[in-house]
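For reference, the structure discussed in these notes is given below.
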Amino acid sequence: MQNWAGNLDYAAHTLARPSTLDELATVLAAAGPVRPLGSRHSFNDIADTPGTHVQVDRLDDGRPAVDLDPATGVVSVNAGLRYGEVSRALQLQGRGLGSLASLPHISVAGAVATGTHGSGDSNQSLAGPVVALEIMTTAGELRRVSRADDPEVFPGAVVSLGALGIVTRVELETMPSFDVRQDVAVDVPWETVLGSFDAVSGAAYSVSLFTSWEAAAVRHVLFKSLVPAGTVGERPAAVPGLRWATEPVHPLPGVDAAACTEQLGVPGPWHERLSHFRLEFTPSSGAELQTEYLLPRRHAVAAIEGMLGLVPRVAPLLQTCEIRTVAPDDLWLSPFDEDSVALHFTWHPRGAEVAAVLPAIEDLLLPLGARPHWGKVFAIDPAELGALYPRFGDFKALTERFDPGGRLQGGYLGRLLG
């Protein structure tokens with residue numbers, strides 16, 4: 001079995017998809033390595049194991065797969081569901097999530113466990129709204145860990161890389177449903193971006209910049225703006241002189257925009273605008289590799305200026321690069337411990353050439369406080385990466401409490417934890 005991009009063959013010899021908690025406990029009672037597996041959108045071996053992969057997308061614990069508490073606004077969801085499925089169910093009940101990733105195709109547990117995110121100066125990663133998790137440990141014990149009841153453990157249990165057990169439920173804060181319009185500015189000069197980065201990133205609820213770096217302008221800037229109920233809203237006005245797209249665009253140059261969420265300022269519900277792609281289509285291009293670095297927002301301009309100096313090495317391998325902002329949280333292995341900027345590279349599937357250029361990018365970005373996304377391809381040594389997280393020692397101790405036999409430590413996770 002391969003990951004979604006097809007660049008990795010998993011080493012697991014068995015895939016288990018239990019339908020009940022008792023079946024899951026039986027799977028975990030068997031000896032040997034085991035790892036949770038989500039929607040397989042990781043590009044490295046963070047989810048790999050030489051033993052058994054476990055998916056919980058078929059798990060039925062007797063509760064609705066999307067179980068909203070109308071009194072608190074907290075929703076408990078099957079951890080194997082995709083965000084697109086959860087979002088549709090919430091919209092039917094008049095509720096929403098504050099942020100979504102570019103793809104609605106990713107599983108809730110996998111996205112949360114790796115610190116995956118959307119965009120917006122005030123929007124946290126997808127792990128930010130988590131208030132509780134239900135986790136079955138390798139001993140077969142079902143544990144609930146919540147922010148309210150387990151404040152000393154909870155920040156280490158959310159972005160956990162699947163190192164504590166098999167997450168079966170995730171509880172998320174929701175908000176009343178809201179409408180969004182999406183407008184696309186084209187060919188925004190680098191001078192505008194570098195001279196007014198805060199104005200550009202703050203001009204809408206969610207902002208994404210797409211570039212191939214070699215041009216004199218940013219190819220597309222997606223502005224996703226909140227729309228007052230019953231109105232069509234307006235284009236962002238904080239950045240003057242923008243030129244607006246008159247037809248839908250795809251983040252990748254030359255690709256049909258049919259798979260993208262609706263643009264051109266047409267308002268619609270949050271779940272049909274915050275992601276870049278529609279759930280019913282193949283996301284992005286499919287034939288790709290991805291790398292992402294998250295660094296303090298205060299270094300955004302320096303990072304962008306440095307990347308412009310790497311154009312000869314980077315541009316020939318690149319399909320597109322997305323620049324986004326993310327709000328901070330308090331989670332131990334989240335890279336967002338302050339206001340952050342994300343540089344996301346979508347590469348052509350040329351693994352050896354991409355691997356050769358990553359050290360140059362890291363030589364630029366790591367001194368600026370960058371850390372790689374846990375599920376992408378990067379070059380930094382595992383021991384060096386762990387040292388970039390102040391609470392990494394506490395996290396390692398937490399994994400030993402939940403999984404004393406180290407059965408979950410396959411693939412990259414095993415190298416990370418030593």
Report the C-alpha separation of D60 and S19 in whole Å, then their side-chain angles, then the decisive distance to 0.1 Å, and conclude whether the side chain to side chain donor-acceptor pair (under 3.5 Å) test is met. CA-CA 6 Å; D60 182 357; S19 60; over 6 Å; no
Apply side chain to side chain donor-acceptor pair (under 3.5 Å) to S87 and R82, showing your working. CA-CA 9 Å; S87 298; R82 299 179 297 171; over 6 Å; no
H344 and F210: aromatic ring centres closer than 6.0 Å? no
Are the side chains of V153 and R401 in contact, using a 4.5 Å heavy-atom criterion? yes
Between W332 and G156, which heavy-atom pair has the shortest distance, and what is it? CE3-CA, 3.2 Å
Could you check whether Y205 and F178 have their ring centres less than 6.0 Å apart? yes
Among side-chain atoms of E288 and Q290, is any donor-acceptor pair under 3.5 angstrom? yes
If the plane angle is over 60° it's perpendicular, under 30° parallel, otherwise tilted; pick one for H250 and F277. tilted
Is D339 paired with R298 through a side-chain N to carboxylate O contact shorter than 4.0 Å? no
K396/D394 ion pair, N-O < 4.0 Å: no
Would you say K224 and H276 are linked by a side-chain donor-acceptor pair, where the criterion is simply a distance under 3.5 Å? yes
What about F378 and F345, are their ring centers closer than 6.0 Å? no
For the CG atom of L226 and the CZ atom of R273, what is their distance to the nearest 0.5 Å? 13.0 Å
Does the side chain of Q91 come under 3.5 Å of the side chain of S177 through a donor N or O and an acceptor N or O? yes
Side-chain donor-acceptor pair under 3.5 Å between D121 and T325, yes or no? yes
Can a side-chain donor-acceptor contact be found between S201 and R324 if the only test is distance below 3.5 angstrom? no
State whether a side-chain donor-acceptor pair under 3.5 Å links D329 with S334. yes
Between D330 and R391, is the closest basic N to carboxylate O distance under 4.0 Å? no
Side chains of residues 238-248: which donor-acceptor pairs under 3.5 Å do they make with residues two or more places apart or in other chains?
| unit_1 | atom_1 | unit_2 | atom_2 | d |
| --- | --- | --- | --- | --- |
| R243 | NH2 | D187 | OD2 | 2.5 |

Are a donor atom and an acceptor atom from the side chains of T291 and W347 found within less than 3.5 Å of each other? yes
Return the minimal non-hydrogen interatomic distance between G80 and V56, and the atom names on each side. N-CG2, 3.6 Å
Under-4.0 Å salt bridge between R219 and E214: no
State whether a side-chain donor-acceptor pair under 3.5 Å links D9 with Q2. yes
Students often mix this up, so state it plainly: with edges at 30° and 60°, are the rings of H373 and H117 parallel, tilted or perpendicular? tilted
Scan the side chains in residues 361-371 for donor-acceptor partners under 3.5 Å anywhere in the protein, sequence neighbours excluded, and list what turns up.
| unit_1 | atom_1 | unit_2 | atom_2 | d |
| --- | --- | --- | --- | --- |
| E362 | OE1 | I380 | N | 3.0 |
| E362 | OE2 | Y293 | OH | 2.6 |
| E362 | OE2 | A379 | N | 2.8 |
| E362 | OE2 | I380 | N | 3.4 |
| R371 | NH1 | L388 | O | 3.0 |
| R371 | NH2 | P335 | O | 3.0 |
| R371 | NH2 | D337 | OD1 | 3.0 |
| R371 | NH2 | D337 | OD2 | 3.0 |

Determine whether the aromatic ring centres of Y389 and W374 lie less than 6.0 Å apart. yes
May I have all residue pairs that pass side chain to side chain donor-acceptor pair (under 3.5 Å) and include part of residues 258-267, sequence neighbours excluded? Q182-T261
Salt bridge check: are E171 and R169 linked by an N-O gap of less than 4.0 Å? no
For E234, I'd like to know if atom CD has over 12 heavy atoms of other residues, nucleotides or ligands within 6.0 Å. no
Is D48 salt-bridged to R35, going by a charged N under 4.0 Å from an acidic O? no
So does E280 pair up with R88, basic N to acidic O under 4.0 Å? yes
Evaluate the criterion side chain to side chain contact (heavy atoms under 4.5 Å, CB included) for residue pair L161 and Y412; output intermediate values, then yes/no. CA-CA 10 Å; L161 314 181; Y412 185 84; over 6 Å; no
SB check D150 R144 (cutoff 4.0 Å): no
